[in-house]
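Report on one structure; see the data block that follows.
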Amino acid sequence: MPARPSSDPAQFVQGAPVLHVGDVKATAAFYRDVLGFTWDFGDERYAVVWRDNSAIHFVRDEGHPQGVHLFQWVKDVDAYHREIVGRGAEIATAPTDQPYGIRELGVRDINGVGIVFGQDINRGE
């Protein structure tokens, strides 16, 4: 595994996907209301949501995102699972330990985009 992100990176500060969606406001509201992100910028053409060090951008487009899913590192998959279920999230895959050393939770947003939230499994190494 690579080193955890640093608060003082050498070069890259943050990556942020930009999803092309049919309804920017509805998408941003879903990420805010269900997934717990903050939405403090945007309109019907472009919006940004963020949580801690993770940002996701949305731009209005007639198409729907295809051939992409998002992966978000979190500290505690099980706690996040409880949080979003309490807000009505539909879970695609319950928290599950994967053979490659990551515990993952899968959801879908209102555009059908899959989002995997994962954490390293502490194997006591």
Side-chain angles (χ1 to χ4, degrees):
M1 281 289 166
R4 289 193 180 268
S6 166
S7 61
D8 185 22
Q11 180 63 297
F12 286 76
V13 175
Q14 179 190 62
V18 179
L19 297 178
H20 293 237
V21 299
D23 188 331
V24 170
K25 284 186 171 183
T27 301
F30 171 85
Y31 279 74
R32 178 193 61 208
D33 299 341
V34 177
L35 299 181
F37 282 68
T38 298
W39 174 27
D40 62 0
F41 168 80
D43 56 26
E44 66 279 347
R45 294 170 316 209
Y46 198 91
V48 178
V49 297
W50 53 272
R51 183 162 177 168
D52 300 323
N53 292 328
S54 183
I56 302 170
H57 299 230
F58 309 109
V59 63
R60 186 175 63 197
D61 193 341
E62 296 304 315
H64 292 282
Q66 295 181 26
V68 64
H69 75 270
L70 304 178
F71 186 93
Q72 298 285 308
W73 288 106
V74 296
K75 285 187 174 182
D76 187 336
V77 164
D78 295 290
Y80 188 63
H81 175 250
R82 289 187 298 274
E83 175 188 330
I84 64 175
V85 165
R87 286 198 212 98
E90 293 187 31
I91 305 303
T93 307
T96 305
D97 290 352
Q98 301 298 337
Y100 40 84
I102 299 174
R103 185 163 178 78
E104 295 180 347
L105 159 68
V107 301
R108 290 210 174 272
D109 77 6
I110 62 171
N111 302 292
V113 173
I115 310 165
V116 176
F117 299 92
Q119 76 179 73
D120 288 333
I121 297 171
N122 183 356
R123 297 188 187 271
E125 298 171 357

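When reading the values below, keep in mind they use all heavy atoms of this one structure, side chains included, and skip hydrogens, waters and symmetry mates.
The distance from atom CZ of Arg103 to atom OG1 of Thr96, rounded to the nearest 0.5 Å, is 6.5 Å. Going from atom CD of Gln119 over to atom CG of Asp78 covers 6.5 Å, rounded to the nearest 0.5 Å.
Other members of the cluster containing Phe41 are Val18, Tyr46, Val48, Val59, with ILVMFWY side chains joined at under 4.5 Å, either directly or via other members.
Heavy-atom minimum distance, Leu105 versus Pro95: CD1-CD, 4.0 Å. Between Ile84 and Leu35, the shortest heavy-atom distance links the atoms CG2-CA, 4.0 Å. Taking each heavy atom of Val113 and His69 in turn, the nearest pair found is CG1-CA, 4.4 Å. Ala55 and Pro17 make their closest contact through O-CD, 3.5 Å (heavy atoms, listed as atom of the first residue, atom of the second, distance).
Proximity of a side-chain donor or acceptor of Asp52 to a complementary backbone N or O of Ser54 within less than 3.5 Å is not detected. Remark: side-chain polar atoms of Arg87 are paired, donor with acceptor, to backbone N or O of Val34 under 3.5 angstrom.
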Under the side-chain contact (heavy atoms from CB on, under 4.5 Å) rule, what do Glu104 and Thr93 come out as? Steps first, then yes or no, please. CA-CA 8 Å; Glu104 295 180 347; Thr93 307; over 6 Å; no
In sequence, state the C-alpha distance, the side-chain angles, and the governing distance for Val49 and Arg32, and then conclude on side-chain contact (heavy atoms from CB on, under 4.5 Å). CA-CA 7 Å; Val49 297; Arg32 178 193 61 208; 5.5 Å; no
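No hydrogens or angles considered: a donor-acceptor pair under 3.5 Å links the side chains of Asn111 and Thr27.
Counting heavy atoms from C-beta outward, Val21 and Asp61 have side chains that stay 4.5 Å or more apart. Residues Ile56 and Gln72 are in side-chain contact: their nearest non-hydrogen atoms beyond the backbone lie under 4.5 Å apart.
Around the CD atom of Glu83, the shell of radius 6.0 Å holds more than 12 heavy atoms that belong to other residues, nucleotides or ligands. Residue Glu44 qualifies as enclosed at atom CD: its count of foreign heavy atoms under 6.0 Å is above 12.
Scanning for ring pair (Phe, Tyr, Trp, His ring centres under 6.0 Å) contacts around His20 gives an empty result, with sequence neighbours left out. A search for side chain to side chain donor-acceptor pair (under 3.5 Å) contacts involving Asp40 returns Trp50, not counting sequence neighbours. For Phe117, the ring pair (Phe, Tyr, Trp, His ring centres under 6.0 Å) partners are Tyr80, not counting sequence neighbours. Residues forming a ring pair (Phe, Tyr, Trp, His ring centres under 6.0 Å) with Phe58 (at least two apart in sequence, or on another chain): Tyr31. Annotation: ring pair (Phe, Tyr, Trp, His ring centres under 6.0 Å) contacts of Phe71 (sequence neighbours excluded): Trp73.
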